[in-house]
Asks: 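What follows is a single structure, and I will ask about it in a moment.
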Amino acid sequence: MLLHFARRALSKVTLTTINYFEVFSLEPKFDLDLAELSRIFRQLQSQYHPDKHVNSSALEQEHAAQKSALLNEANKCLKDPYARARLLLKLENVDPNVKTMDMEFLTDMMEFNDRVEISEDTETLTELKRLNEQAITELYNQFREHFALKEWNIAAEQLAKVKFLLQTRERIEQQSELIIPRKPS
């Protein structure tokens, strides 16, 4: 019963940003060796996975489950470049949620998304996807550069643009599912 009340109390506590890099003893940086991350994750998960603690006490099982959940959450965050970049900004006490956006960029995004919406063939969508992925790569490069120069706000602005492009990626995928393949003539 006490454990139940403790869990409820903890669920209401607002925690500061968890440094997922520390979970894996990694240096906080945008460019990670994902193979190394995966290796460390598997090694730690083999120690803390709840299945390894079925014969342990209830408290040890709970601890292992919490540790395993933290490892899963940390791994998911660090594998995703967008989530990793957001975490890096938060660790520098920078709000990654940009409040204002470059109007030219927004106009370009609206026009690009309109092109996605009216696309009726796979070739056009494939080209739009290529352009979108190219823009994502360029913005991540700009984020990396500005972050390294400690230009936090500019880095956050580049990351906010990435968010728009990631949403466009989803729209492209949705639109591609709507396209009916043409039968050869």
Side-chain angles (χ1 to χ4, degrees), residues 3 6-54 56 58-99 101 109 129-130 132-148 152-177:
L3 185 58
R7 271 197 222 119
R8 286 193 61 188
L10 281 174
S11 70
K12 295 177 183 176
V13 174
T14 304
L15 299 174
T16 58
T17 300
I18 298 173
N19 185 341
Y20 290 136
F21 294 97
E22 287 179 353
V23 171
F24 296 110
S25 300
L26 295 171
E27 175 188 346
K29 60 183 182 177
F30 185 72
D31 295 314
L32 286 183
D33 180 345
L34 296 180
E36 176 71 3
L37 172 65
S38 181
R39 185 189 66 73
I40 296 169
F41 171 72
R42 284 191 313 272
Q43 180 183 4
L44 290 172
Q45 200 55 287
S46 72
Q47 293 172 15
Y48 293 106
H49 194 277
D51 291 348
K52 298 274 186 177
H53 298 273
V54 291
S56 301
L59 187 60
E60 289 170 324
Q61 287 178 11
E62 179 70 22
H63 175 72
Q66 288 174 351
K67 200 72 154 158
S68 180
L70 175 63
L71 289 169
N72 286 328
E73 191 176 314
N75 187 53
K76 182 179 177 183
C77 175
L78 295 181
K79 281 181 11 182
D80 176 8
Y82 179 75
R84 184 170 62 245
R86 284 181 59 86
L87 175 61
L88 285 166
L89 288 170
K90 288 178 183 178
L91 292 174
E92 295 296 337
N93 295 315
V94 176
D95 183 359
N97 302 310
V98 174
K99 307 297 184 257
M101 184 65 67
M109 286 306 305
K129 181 177 182 176
R130 185 190 68 73
N132 193 63
E133 295 303 317
Q134 183 179 344
I136 290 171
T137 299
E138 178 59 29
L139 286 169
Y140 277 140
N141 288 337
Q142 291 174 19
F143 170 85
R144 180 184 295 107
E145 179 182 321
H146 292 291
F147 189 84
W152 314 126
N153 291 332
I154 299 172
E157 289 170 9
Q158 301 313 308
L159 192 59
K161 291 177 181 179
V162 169
K163 182 177 181 179
F164 278 90
L165 294 171
L166 293 175
Q167 291 168 343
T168 298
R169 177 192 279 168
E170 291 177 20
R171 284 188 191 95
I172 292 170
E173 292 303 318
Q174 291 168 353
Q175 186 68 15
S176 68
E177 292 172 7

Asks: So, Lys99 side chain and Asn97 main chain: donor-acceptor pair closer than 3.5 Å or not?
Replies: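 Yes, Lys99 side chain to Asn97 backbone: donor-acceptor pair under 3.5 Å.
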Asks: With a 3.5 Å distance limit and no angle check, can you tell me whether Ser176 reaches the backbone of Glu173 through a side-chain donor-acceptor pair?
Replies: yes
Asks: May I ask you to check whether Ser38 and Arg42 show a side-chain donor-acceptor distance below 3.5 Å?
Replies: yes
Asks: Under 3.5 Å, is there a donor-acceptor pair linking the side chains of Gln66 and Glu62?
Replies: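 Short answer, yes.
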Asks: Does any donor atom in the side chain of Gln134 or Arg130 lie under 3.5 Å from an acceptor atom in the other side chain?
Replies: yes
Asks: Suppose we screen for side chain to side chain donor-acceptor pair (under 3.5 Å). Which residues come up paired with Glu133, at least two apart in sequence or across chains?
Replies: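 Glu133: side chain to side chain donor-acceptor pair (under 3.5 Å) contacts with Arg169.
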Asks: Please report the interatomic distance CD1(Ile136) to OH(Tyr82), rounded to the nearest 0.5 Å.
Replies: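 It is 11.5 Å, given to the nearest 0.5 Å.
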Asks: Mark yes or no for whether Asn75, through its side chain, and Leu37, through its backbone, hold a donor-acceptor pair below 3.5 Å.
Replies: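 Pair absent, no side-chain N/O of Asn75 close to backbone of Leu37.
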Asks: Aromatic rings Phe30 and Tyr140: how do their planes relate, parallel, tilted or perpendicular, breaks at 30° and 60°?
Replies: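 Ring orientation, 0 to 90° scale: tilted.
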Asks: Should the heavy atoms of other residues, nucleotides or ligands under 6.0 Å from CG of Asn72 be counted, would the total exceed 12?
Replies: yes
Asks: Could you list all the ring-ring contact (aromatic ring centres under 6.0 Å, His included) pairs where at least one residue sits in residues 153-176, not counting sequence neighbours?
Replies: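 Those involving residues 153-176 are Phe105-Phe164.
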Asks: Are the side chains of Phe21 and Arg84 in contact, using a 4.5 Å heavy-atom criterion?
Replies: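 Yes, close enough: below the 4.5 Å cut-off.
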